[in-house]
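Worksheet: one structure, shown below.
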Amino acid sequence: MKARFLGTAELTDAPDVAVVVDVMRAYTVAAWAFARGAERIVLAESLEDALDLKARHPAWVALKDGPPAPGFDLVNSPALLRSADLDGRTVVQKTTAGTVGAFAVKDASLVLCAGFVVAEATARILSERASGSVTFVVTGEDGRAEEDRACAEYIAARAGGAGTDAAEFLRRAGASRAAAELTQGVRRGSSPEDVALCLELDRFPFAMVAAVEDSLMVLRRCAVP
C-alpha cells in the first residue's frame, strides 16, 4: 500500500481510497455517536444545510462545532456527547474541518473517516480492501494539524503490516496545538476531557465508512471481523 498525506485544499483529483482524519474532534465524536446507538450520521456541507436537514427531519439530532446554538441539539465534543441517548437516531454533523474533508473525497470508491479511537479497525479495512494508493486527508489546520498527521501516519503503518508502537504518535497528538487549545478552554463548546477521549487508542472495534446515499453524504459504522 502506497500512502500519501494531503490537506483538503491539496486534493486535485478523486482518489480511489481515502481516509479522512479528524482526531480533535469530528471523527472521535462520530465514533462516540455510534457507540451511543446512532444508526447513521449525515454529514452536512454547511450550517445552513444542517439546519435545513433538522427542520425537515425534526427527530434527527444535529450537532456542530462551537457553543450551543438554536436548531442544534449537541456540540462537537466527545465528553459532552458520551452520555447522550442516540439509540436508533440519525445524527447530522457539521464541523469546521472533518466534514469538509469528507466532501472533498466523496467520489472516491472507498471513504473511511477516522481518529485514534478507531485506528486499528480502520487499518484492518485498508489491509483488506486497499491494494494500491491510499490518500490520507489531514483535515485540521489546512493540512498541518499534528494530531491528524500523526494519526494518519500511524494508521498507514498499521495497514502496511508494521508492528508499530503507538506511543510516539499519541505523544505528537497530545502535544499538538489543538490539544493545547482544548485543554486551555480556548475552543468553545468543548470540555478539557476531550483531549483524553480523542487519544484513546482503539476505544471502539469498528471502522466508519462514508458514502453518498440518496444525495446525502452518510457515515455508517463498519464491523471488522
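Each residue takes its place number in the sequence, starting with 1. Note that the structure is predicted; figures quoted are calculated from it, not measured.
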- Residues forming a ring pair (Phe, Tyr, Trp, His ring centres under 6.0 Å) with Phe72, sequence neighbours excluded: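 Once residues adjacent in sequence are excluded, Phe72 has no partner under the ring pair (Phe, Tyr, Trp, His ring centres under 6.0 Å) criterion.
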- Check ring pair (Phe, Tyr, Trp, His ring centres under 6.0 Å) between Phe206 and all other residues, then give those that pass, not counting sequence neighbours.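 So Phe206 forms a ring pair (Phe, Tyr, Trp, His ring centres under 6.0 Å) with Phe204.
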- Charged N to carboxylate O under 4.0 angstrom, Lys54 versus Asp73?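 Salt bridge: yes.
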Does any part of the side chain of [Y], heavy atoms only, come nearer than 4.5 Å to the side chain of [X], both counted from C-beta?
X: Leu199; Y: Met24; result: yes
X: Phe34; Y: Leu219; result: yes
X: Phe103; Y: Leu43; result: yes
X: Gln93; Y: Asn76; result: yes
X: Pro15; Y: Ser133; result: no
X: Glu120; Y: Arg158; result: yes

- Query: Taking only residues two or more places apart in sequence, or in another chain, which ones meet Ala3 in a side chain to side chain contact (heavy atoms under 4.5 Å, CB included)?
  - Reply: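 Side chain to side chain contact (heavy atoms under 4.5 Å, CB included) list for Ala3, sorted by chain: Met1, Phe5, Phe136, Ala156.
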- Message: According to side-chain hydrogen bond (donor to acceptor under 3.5 Å, both in side chains), who are the partners of Arg144, at least two apart in sequence or on a separate chain?
- Response: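 With sequence neighbours excluded, Arg144 shows a side-chain hydrogen bond (donor to acceptor under 3.5 Å, both in side chains) to no residue whatsoever.
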- Who passes salt bridge (Lys or Arg N to Asp or Glu O under 4.0 Å) against Glu213, sequence neighbours left out?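 By the salt bridge (Lys or Arg N to Asp or Glu O under 4.0 Å) rule, Glu213 matches Arg220.
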- Query: Does Arg203 have any salt bridge (Lys or Arg N to Asp or Glu O under 4.0 Å) partners at least two apart in sequence or in another chain, and if so, which?
  - Reply: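 Salt bridge (Lys or Arg N to Asp or Glu O under 4.0 Å) check on Arg203 returns Glu200.
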- Item | Other residues, nucleotides, ligands: >12 heavy atoms within 6.0 Å of Arg4 CZ |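 Buried by this count: over 12 neighbours within 6.0 Å.
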- Exam field: side chain Asp148 to backbone Gly140, donor-acceptor pair closer than 3.5 Å: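 Yes.
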